[in-house]
Amino acid sequence: MSTNCIFCKIAAGEIPSDKVYEDEYVLAFRDISPQAPVHILVIPKTHIASAAEVSAENAELVAACFAAIAKIAVAEGLGKGFRVITNCGEEGGQTVHHLHFHLLGGRHLGANLL
Ligand code: 5GP
Ligand code: ZN
């Protein structure tokens, strides 16, 4: 656990969250400020600062996040589609420095990324 990391604290149960999925490696919970009808954050329980810190050594955790995303999408009724976003670093707009994937859906999100 990384000191003062809010998502490590959520993963440890020290800060409450609206949990939608959990397994040995992954936790998923609803974003506190949703940008779409479904807006879920999917995180590895182990601290990885961002996508820039993904390596061959920890890539299994990223794979576990995506396996969870596929299951959550079904559970949330996102059969028509969804979007997965990870913000990385200052110019990428990352505000919480613990790797997380935004799972967005529940409406037509459009073709533009920005
Ligand atoms: P970022 O901007 O780093 O990609 O995304 C961080 C996300 O975390 C934001 O969408 C923000 O609303 C969400 N967030 C920040 N703090 C909390 C929190 O304490 N609980 C939950 N559920 N979401 C949070
Ligand atoms: Zn963390």
Side-chain angles (χ1 to χ4, degrees):
M1 173 156 162
S2 180
T3 322
N4 290 329
C5 172
I6 192 167
F7 286 179
C8 280
K9 288 181 179 167
I10 286 175
E14 291 173 15
I15 293 176
S17 68
D18 187 356
K19 200 186 295 183
V20 297
Y21 176 87
E22 182 171 19
D23 65 30
E24 190 180 349
Y25 304 109
V26 178
L27 180 70
F29 50 94
R30 296 193 193 279
D31 196 294
I32 204 165
S33 177
Q35 307 293 310
V38 176
H39 186 171
I40 291 165
L41 300 173
V42 182
I43 69 168
K45 289 181 172 178
T46 302
H47 184 85
I48 300 172
S50 75
E53 305 297 321
V54 174
S55 65
E57 283 67 44
N58 61 22
E60 279 185 6
L61 294 173
V62 177
C65 285
F66 275 84
I69 285 167
K71 289 183 198 165
I72 297 162
V74 172
E76 294 289 324
L78 302 180
K80 284 182 168 175
F82 56 86
R83 182 169 292 163
V84 178
I85 294 174
T86 189
N87 295 328
C88 180
E90 189 186 342
E91 290 202 355
Q94 185 179 8
T95 60
V96 177
H97 296 278
H98 179 128
L99 179 66
H100 53 281
F101 298 99
H102 296 259
L103 170 59
L104 297 151
R107 66 169 164 83
H108 202 291
L109 296 167
N112 294 333
L113 283 177
L114 298 173

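Atoms within a ligand are numbered from 1 in the order they appear, just like the ligands themselves.
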Under 4.0 Å from a heavy atom of [X]: give me the atoms of ligand 1 that qualify, with their elements.
X      : answer
His100 : 1 (P), 3 (O), 4 (O), 5 (O), 6 (C)
His102 : 1 (P), 4 (O), 5 (O), 7 (C), 10 (O)
Thr95  : 1 (P), 2 (O), 3 (O), 5 (O), 6 (C)

Do [X] and ligand 1 have an N or O pair less than 3.5 Å apart?
X     : answer
Phe7  : no
His39 : no
Asn87 : yes
Gly93 : yes
Ile32 : yes

Checklist entry - In terms of ring plane angle, is the pair His39 and His102 parallel, tilted or perpendicular, where the classes change at 30° and 60°? => result tilted

Item to check | Which segment of Leu41 sits under 4.0 Å of ligand 1 when only heavy atoms are counted | outcome: side chain

Checklist entry - For ligand 1, does Ile6 get within less than 4.0 Å through its side chain, its backbone, both, or neither, judged by non-hydrogen atoms? => result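 Just the side chain.
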
Item to check | Phe29-Tyr21 aromatic ring centre distance below 6.0 Å | outcome: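 They do not qualify: ring centres at least 6.0 Å apart.
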
Item to check | Salt-bridge present (Glu24, Lys45; N to O < 4.0 Å) | outcome: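 Looking at Lys45 together with Glu24, the answer is no, because their closest N to O distance does not fall below 4.0 Å.
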
Item to check | Basic-acidic side-chain contact under 4.0 Å: Glu76, Lys71 | outcome: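 No salt bridge links Glu76 with Lys71.
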
Checklist entry - Quick one: angle His47 ND1 - the Zn ion (ligand 2) - Cys8 SG, to the nearest 10°? => result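 About 110°, to the nearest ten degrees.
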
Checklist entry - How open is the angle at the Zn ion (ligand 2) from atom ND1 of His98 over to atom SG of Cys5, rounded to 10 degrees? => result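 Taking the Zn ion (ligand 2) as the apex, the two atoms subtend 110°.
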
Next on the checklist: Just to verify, which of Ile69, Leu104, Leu109 counts as forming a side-chain contact (heavy atoms from CB on, under 4.5 Å) with Phe82?
Outcome noted: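 That would be Ile69.
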
Checklist entry - Which residue supplies the protein heavy atom nearest to atom 10 (O) of ligand 1, what is that atom called, and how far is it? => result Asp31 OD2, 2.5 Å

Next on the checklist: Return the closest protein heavy atom for atom 22 (N) of ligand 1 as residue, atom name and distance.
Outcome noted: Arg30 O, 2.9 Å

Checklist entry - Measuring from the heavy atoms of Gln35, does anything fall under 4.0 Å of ligand 1? => result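 The answer is no, since Gln35 has no heavy atom less than 4.0 Å from ligand 1.
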
Next on the checklist: Is it the case that atom CD in Glu14 sees more than 12 heavy atoms from other parts of the structure closer than 6.0 Å?
Outcome noted: yes

Item to check | Any N, O or S atom of His97 closer than 2.8 Å to the Zn ion (ligand 2) | outcome: no

Checklist entry - In terms of hydrophobic clustering (I, L, V, M, F, W, Y; side-chain heavy atoms under 4.5 Å; direct or indirect links), are Val20 and Ile6 co-clustered? => result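 Per the 4.5 Å side-chain linkage, Val20 and Ile6 are not co-clustered.
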
